[in-house]
Amino acid sequence: MAQITISLPDGSQRSYDEGATTAVVASSIGSRLAKAAVAANVDGEEWDLGRPLHDGALVAIITGDSDEGRHVLRHSTAHVMAQAVTQLFPGAKYSIGPAINDGFYYDFELPGGRTFTEADLDAIDERMRAIVKADQPFTRDELPAAEALRVFADQPYKCEIIERVSSGSADPTDIDDLDSGEIGSGETISVYRNTPEFLDLCRGPHVPSTSKLGHFKLMKVAGAYWRGNEKGPMLQRIYGTAWESKSALDEHLHRLAEAEKRDHRKLAVELDLLSFPHELGGGLAVWHPKGAIVRKLMEDYSRERHTNGGYQFVFTPHLANGNLFQTSGHLDFYKDGMYPPMEMDNGTYYMKPMNCPMHCLIYRSRQRSYRELPLRLFELGNVYRYERAGTLHGLMRIRGFTQDDSHIFCMPEQAADEIASLLDFVMSVLRAFGFTDFTANLSTKDPKKYVGDDAAWDDATVALRSAMEKYGLEYKIKEGDAAFYGPKIDIDVRDAIGRTWQLSTIQYDFNLPERFELEYVGADNARHRPIMLHRALFGSVERFFGVLLEHYAGAFPTWMAPLQARVLPVAEGHEAYAHEVAARLRSEGIRADVADSADQLGKRIRAAKLDKIPYVLVVGDSDVAASTLGVNPRGGD
RNA sequence: GCCCAGAUAGCUCAGUCGGUAGAGCAUUUCACUCGUAAUGAAAAGGUCCAGGGUUCGAUUCCCUGUCUGGGCUCCA
């Protein structure tokens, strides 16, 4: 048996049997030695995590506080879960079970179409803990494909994977092949087992033994399509989370609880901001007075910045004749995302899913000169999109919403400068709302869904790229993620608890100017075609509001708080003075009210705090006498 | 659209093995007038999501729909 020797940071060496246990693991989870060991020299060659060594055997080092280490233990936990499920539910079919962010999942099909219940999760959890306790070693085997098919004869999903791998059609970059991508070269299939009865296709690596696991929790059951195919069978997916230590698990659960407390749907009810009445239908909201104040402040600020930024305001209707969307291409490309047609005596009408076609009509309403360009049209435009029922999510995914939408018409040679100054504008406005951490993505052409010629796409992509480089913004590339009419830049922001949200978008469009035959007269007295930039900064006002609500956990900065101050008289005798104070504040433009003394002071303070009012002002005898007040700020602003 | 789970007072939830329901908070009234996160008492508050079926009787069981939640798929 060949040996693998690893030099440890303390100068000592350790040898492992290569092949018998192919996952080489630092002696205990939580040890830090692995990070240093990754750079160790094995058999005279540099190697890295997960790199195949010696006839396809894999070696990996895990450490408790590395992403690689967590990945390994999560995936191993997924195996144990599948093992528990197959023991508890004879005849269960198991498909794939990868590690994901914070945890893992495994997809199953139970006999007779049975589904998992909450009680099942408890039983599975219990069985998993027994397997952990049994200290079963994970071992690796390689089987010829034909034998693997025999071994997994009663597991149709596994057979499908084996066939895909042995025919060479598995794609290791495909999420659905995560588990299968590297299980073999086509000739042989690698499997892991930790008891004689349970084995699973897997490229490894795994922890050496089930006893290294244990800090996990099964979270929920959900439906999931086999291989993500909407037409394919629906499997039962169990999600779990797994960590290297109890404290890490607890921390994760705590983070989840924090995020739940910040849920904008919950806060919207608690703070009386807005609601989604059933009578309206799914994905449609009504704004209550307090929510409306915040929204109005957001919109006012946006209008002010756009005025200063050289934008011209326009208004356009909510409906349009279908011919307009035929011209724009929406009916060809996104009919499914539009509300159904309304037949009228003079044509077929649709709710507008976007404002751009109408802005094109404004551009085209008369002849344009190059001297007018860039022409920046801005509208807080209401659009309606028929989002599929299962995708609606509070304010984040909604069917009727308002875009802070602008379309900038400019000469192609102006585009890079215009985009660079747009980036500046966008981030300056986002900073005003309290975001400081931005990342950008450049989305490129979707080869299956685009219009226009390839050269135009290339030019547009270069313009966006050079604008970001000019601005000095780092960006990632999302291949094939662009809209059908042109490439785009999306700006993601990180919120107070580290989640990222895609907010702003800047999209290059050479397609609509073509379709609407937009022109300008150039300095050469000839007609030219402008290009168009779509850009939304909030994205949707509703969604941005939802993100702000979660970012601030309901405690909006004072400038946008629905109520900025509440005056509390200590007792009945102080009420007149309290009203005087509030009136004075209101005359200074401060949103203030008074909570009279019907309840005890402590209770009124508590209520004001729960309402997240920035300043609670208490007035009693000494304040009346000296014309003062006690200031109790919310803190944290 | 698909899978699973829900919908009971304004909110959060309990309950009814099928005999039209209850708590806490909020609301109203009364008492208390209080100096920094819950004073006490009383009252009022419900088509138990909607429609159909089974039943002597349905909020409860079944079906359909609507809406919500978690996923999948989608996201111009």
Side-chain angles (χ1 to χ4, degrees), chain A residues 105 107 109 113-118 120 175 219-239 260 263 265-266 269-270 272 275-284 325 328-330 332-338 353-357 383 385-394 396-398 403 443 446 449-451 481-486 488 502 505 507 509 511-512 534 536 539 543 568-575 596-611 616-623 629-634:
Chain A
Y105 66 77
D107 287 349
E109 182 183 287
R114 188 185 182 294
T115 56
F116 291 113
T117 64
E118 288 293 311
D120 291 335
I175 179 89
M219 304 299 286
K220 57 201 170 200
V221 184
Y225 297 108
W226 167 236
R227 300 186 48 70
N229 175 5
E230 209 175 343
K231 306 280 188 294
M234 175 68 73
L235 305 175
Q236 294 281 307
R237 174 171 299 178
I238 301 178
Y239 283 93
E260 202 181 320
D263 190 314
R265 294 163 300 183
K266 193 171 139 82
V269 174
E270 286 173 7
D272 193 16
S275 57
F276 292 88
H278 290 182
E279 294 84 343
L280 271 184
L284 299 168
F325 299 116
S328 68
H330 288 100
D332 289 338
F333 283 91
Y334 289 104
K335 194 162 195 281
D336 290 349
M338 293 168 65
M354 294 181 109
N355 304 300
C356 18
V383 297
R385 299 181 184 180
Y386 186 71
E387 304 286 0
R388 298 167 89 187
T391 64
L392 299 173
H393 180 85
M396 303 306 183
R397 198 75 181 277
I398 195 171
Q403 290 182 305
S443 297
D446 178 350
K449 195 170 164 186
Y450 73 102
V451 296
D481 208 38
F484 72 93
Y485 48 72
K488 63 173 178 175
Q502 189 197 307
T505 176
Q507 308 183 353
D509 185 354
N511 172 56
L512 281 184
H534 306 241
R543 187 178 135 88
L568 306 185
V570 171
E572 203 167 347
H574 314 119
E575 284 180 7
D596 281 329
S597 62
D599 286 315
Q600 284 189 315
L601 182 63
K603 184 170 183 176
R604 285 176 286 146
I605 288 171
R606 179 180 151 81
K609 295 291 182 188
L610 291 177
D611 266 352
V616 175
L617 307 174
V618 178
V619 295
D621 284 335
S622 56
D623 299 299
L629 42 79
V631 180
N632 183 333
R634 184 174 62 194

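Order of the sequence lines sets the chain letters (A, B, ...), proteins ahead of strands, with each chain counted from 1.
A:Asp623 comes within contact range of at least one nucleobase, with a heavy-atom separation under 4.0 Å. Nucleic acid contact for A:His393: sugar-phosphate only, since backbone atoms but no base atoms lie under 4.0 Å from a heavy atom of the residue. Using a 4.0 Å heavy-atom cutoff across all strands shown, A:Gly337 reaches at least one base atom of the nucleic acid.
Contact check, A:Arg265 against B:rG70: a side-chain N or O comes under 4.0 Å of OP1 or OP2. Proximity of A:Tyr239 to the phosphate of B:rC4: no side-chain N or O atom is located under 4.0 Å from OP1 or OP2.
Between A:Met234 and A:Tyr225 the shortest side-chain heavy-atom distance falls below 4.5 Å.
Which of B:rC4, B:rG71, B:rA76 sits closest to the side chain of A:Tyr485 comes down to B:rA76. The side chain of A:Lys603 lies closest to B:rA38 when the candidates are B:rU73, B:rA38, B:rU68. Among the nucleotides B:rG35, B:rG70, B:rA76, the one closest to any side-chain atom of A:Tyr334 is B:rA76. When each of B:rU36, B:rA76, B:rC72 is scored by its nearest atom to the side-chain atoms of A:Ala224, the top-ranked nucleotide is B:rC72. Nearest to the side chain of A:Asp621, among B:rC11, B:rG35, B:rU73, sits B:rG35. Distance from the side chain of A:Tyr225 is smallest for B:rU73 among the nucleotides B:rU68, B:rU39, B:rU73. Between B:rC11, B:rG71, B:rU73, one nucleotide has an atom nearer to the side chain of A:Thr391 than all others, and that is B:rU73. The nucleotide whose nearest atom lies closest to any side-chain atom of A:Met234 is, among B:rC74, B:rG70, B:rC3, B:rC3. Of the candidates B:rU68, B:rA37, B:rG1, B:rA37 carries the atom nearest the A:Arg606 side chain, counting heavy atoms from C-beta on. Distance from the side chain of A:Glu230 is smallest to B:rU73 among B:rU68, B:rU73, B:rA76.
In this structure, the CG atom of A:Leu601 is 11 Å from the C1' atom of B:rU33, given to the nearest Å. Rounded to whole angstrom, the span from the CG atom of A:Asp263 across to the P atom of B:rG70 amounts to 7 Å. A straight line from CG of A:Asp611 to C1' of B:rA26 spans 12 Å, rounded to a whole angstrom.
Residue side chain A:Arg397 reaches the base of B:rC74 through a donor-acceptor N/O pair under 3.5 Å, judged by distance alone. Below the 3.5 angstrom threshold, one finds a donor paired with an acceptor across the side chain of A:Ser622 and the base of B:rG35.
Rounded to whole Å, the separation between the P atoms of B:rG22 and B:rC48 comes to 14 Å.
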